[in-house]
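Worksheet: the structure to be examined is printed underneath.
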Amino acid sequence: MTSLAGLIVILAKIIIVFVVLSLLVVFIVWFERKVVAHMQSRIGPNRWGPWGLLTSLADGLKLFFKEPIVPLKADRATFLLAPAISVFAAFLAFAAIPFGTSVTLFGQHVEFQITDLNVGLLWVLAMGSLAVYGVVLAGWSSGSKYPLLGGIRSSAQMISYEIALSLSLIPVVMSAGTLSLRGIVHAQQGTVGSIGWLGPLGAVGKVIPHWFVFYHLPAFLVFLLAGVAETNRPPFDLAEADTELVGGYHTEYSGIKFAMFFLAEYLHVITISALAVLLFLGGWNGVVPPVVPWVWPLLWFVAKTFFFVFLFVWLRATLPRLRYDRLMMVGWKILIPAALAWLVLAAAAMAGSV
């Protein structure tokens, strides 16, 4: 009976996370349009629904019913498989993301996480690496030069920035002593005064939360820049540069298959934002009033995550697209050396405090 109840809980969590993420993408698309419009002194979506809230839903329905077109020179099987790989990997990455503490329902202990893997961080990084296959296969299978160039650009860009992103996370793992995302959040509870090698921060340890951003700030900055490039977001959206490659790797896609790439990109934005919160900003840790205590950690997590989503939108509205050679230069000549340098310094500081 217990195993059946546990199976029901897991299935319910999978369905809830899938529905919430899908609706969240719809909201973030509307949110991005509104914020960018406000920053550029425009009105933004305001026709469908109150404040234009249903605009993204209308776009999704339009894409769903559009005629699917497959180019004559395309590799049909791979062409149809590529968007499925992208969106499937994007959803799977969120399987190991914890977004709250836990609650007891009908005598069953339910954690706000689909599954707590002891290598949860590696799982998320692995799913992010799989997403590049969807992009590359889409570019190659389209039978057109512009998607092919976009796929090649994306593979080089994502592999390059994955190195910097992974290196920036090693000091956090060393400080937490675990690869479990829930364990990393637990390691950030309390104040920084208990960390011996923090120097001046130890004097104000009762004020500053024990979040890794306060003593792994360089790693945090590298993670943010590499995360923006990893999601192919402006100013690093060279894989789909409309002024050079029309639409990049998804130029030949239409209808629901294009919507799947669109969905995967925004899911990656949510995942990178959630990772930044979990690894550097204490996850769901925050002030918890005594009223309904299990809700407040969830609200803290959502609020912190949306701060980073807003940061993604802000960058899109502010910065111009980089040139491709400069994009690669930033990854290989700046971010990777910076991540390696901080890794060595953090390791030396930790070894000296033992």
Side-chain angles (χ1 to χ4, degrees), residues 14-69 82-94 97 99 131 134-135 138 227-228 230-237 239-242 246-274 277 298-299 301-318 321:
I14 292 174
I15 294 172
I16 291 172
V17 169
F18 176 80
V19 173
V20 169
L21 285 177
S22 301
L23 294 176
L24 201 56
V25 168
V26 173
F27 174 77
I28 290 175
V29 173
W30 170 86
F31 175 77
E32 181 172 25
R33 289 173 171 175
K34 275 293 188 182
V35 171
V36 172
H38 177 73
M39 290 181 174
Q40 298 175 349
S41 299
R42 296 185 286 108
I43 296 176
N46 64 344
R47 290 292 185 267
W48 290 94
W51 305 288
L53 277 169
L54 299 181
T55 303
S56 299
L57 183 61
D59 288 341
L61 291 174
K62 176 188 69 176
L63 288 171
F64 186 82
F65 288 107
K66 285 192 75 170
E67 178 185 2
I69 298 173
I85 293 176
S86 292
V87 75
F88 193 60
F91 274 113
L92 280 179
F94 217 84
I97 297 289
F99 43 89
V135 174
V228 175
E230 187 74 7
T231 55
N232 287 327
R233 293 280 301 182
F236 302 111
D237 57 336
E240 49 189 77
D242 49 337
V246 188
Y249 62 91
H250 53 56
T251 297
E252 304 293 348
Y253 283 88
S254 62
I256 190 63
K257 293 188 289 296
F258 171 78
M260 292 172 74
F261 281 118
F262 204 67
L263 176 63
E265 178 179 315
Y266 279 89
L267 285 174
H268 283 307
V269 170
I270 297 172
T271 302
I272 291 294
S273 300
V277 171
L298 182 61
L299 294 179
F301 177 80
V302 172
K304 293 177 184 179
T305 301
F306 260 89
F307 167 77
F308 286 102
V309 172
F310 171 76
L311 193 61
F312 274 91
V313 176
W314 192 0
L315 289 175
R316 175 173 188 168
T318 306
R321 182 181 293 125

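Values reported hereafter were calculated over all heavy atoms of this structure, with side chains retained and with hydrogens, waters and symmetry mates removed. The chain is numbered in sequence order, starting from 1.
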For [X] and [Y], which heavy atoms make the closest approach, and how far apart are they?
X: Ile272; Y: Gly227; answer: CG2-CA, 4.0 Å
X: Gln40; Y: Arg42; answer: OE1-NH2, 3.0 Å
X: Lys66; Y: Gly255; answer: CB-CA, 3.9 Å
X: Ala37; Y: Ile43; answer: CB-C, 3.9 Å
X: Gly134; Y: Ala82; answer: O-CB, 3.4 Å
X: Gly52; Y: Trp30; answer: O-CD1, 3.0 Å

Please assess Asp59 against Val29 for the test side chain to side chain contact (heavy atoms under 4.5 Å, CB included), listing each intermediate value before the final yes or no. CA-CA 10 Å; Asp59 288 341; Val29 173; 5.5 Å; no
Drop me the distance from [X]'s [atom1] to [Y]'s [atom2], to the nearest 0.5 angstrom.
X: Leu57; Y: Leu23; atom1: CG; atom2: CG; result: 9.0 Å
X: Arg316; Y: Asp237; atom1: CZ; atom2: CG; result: 7.5 Å
X: Ile28; Y: Leu21; atom1: CD1; atom2: CG; result: 9.0 Å
X: Phe312; Y: Thr231; atom1: CZ; atom2: OG1; result: 4.5 Å
X: Leu53; Y: Phe27; atom1: CG; atom2: CZ; result: 7.0 Å
X: Ile97; Y: Thr305; atom1: CD1; atom2: OG1; result: 9.0 Å

Less than 6.0 Å separating the ring centroids of Phe262 and Tyr266?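 Distance test on ring centres: under 6.0 Å, yes.
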Could you label the plane-to-plane angle of the Phe261 and His250 rings as parallel, tilted or perpendicular, counting under 30° as parallel and over 60° as perpendicular?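 Tilted, since the angle between the ring planes falls between 30° and 60°.
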If you define the side chain from C-beta out and look only at heavy atoms, does anything of [X] sit under 4.5 Å from [Y]?
X: Val277; Y: Phe301; answer: yes
X: Lys257; Y: Pro68; answer: yes
X: Trp314; Y: Leu311; answer: yes

Which is it for Arg233 and Val269 under the side chain to side chain contact (heavy atoms under 4.5 Å, CB included) test, yes or no, and what are the steps along the way? CA-CA 8 Å; Arg233 293 280 301 182; Val269 170; 3.7 Å; yes
Run the side chain to side chain contact (heavy atoms under 4.5 Å, CB included) check on Leu24 and Phe306 step by step: do they pass? CA-CA 11 Å; Leu24 201 56; Phe306 260 89; 3.7 Å; yes
Might you work through the side chain to side chain contact (heavy atoms under 4.5 Å, CB included) test for Leu263 and Phe91, ending with a clear yes or no? CA-CA 10 Å; Leu263 176 63; Phe91 274 113; 3.9 Å; yes
For the side chain of Lys34 and the backbone of Pro45, is there at least one donor-acceptor N/O pair under 3.5 Å apart?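 Yes.
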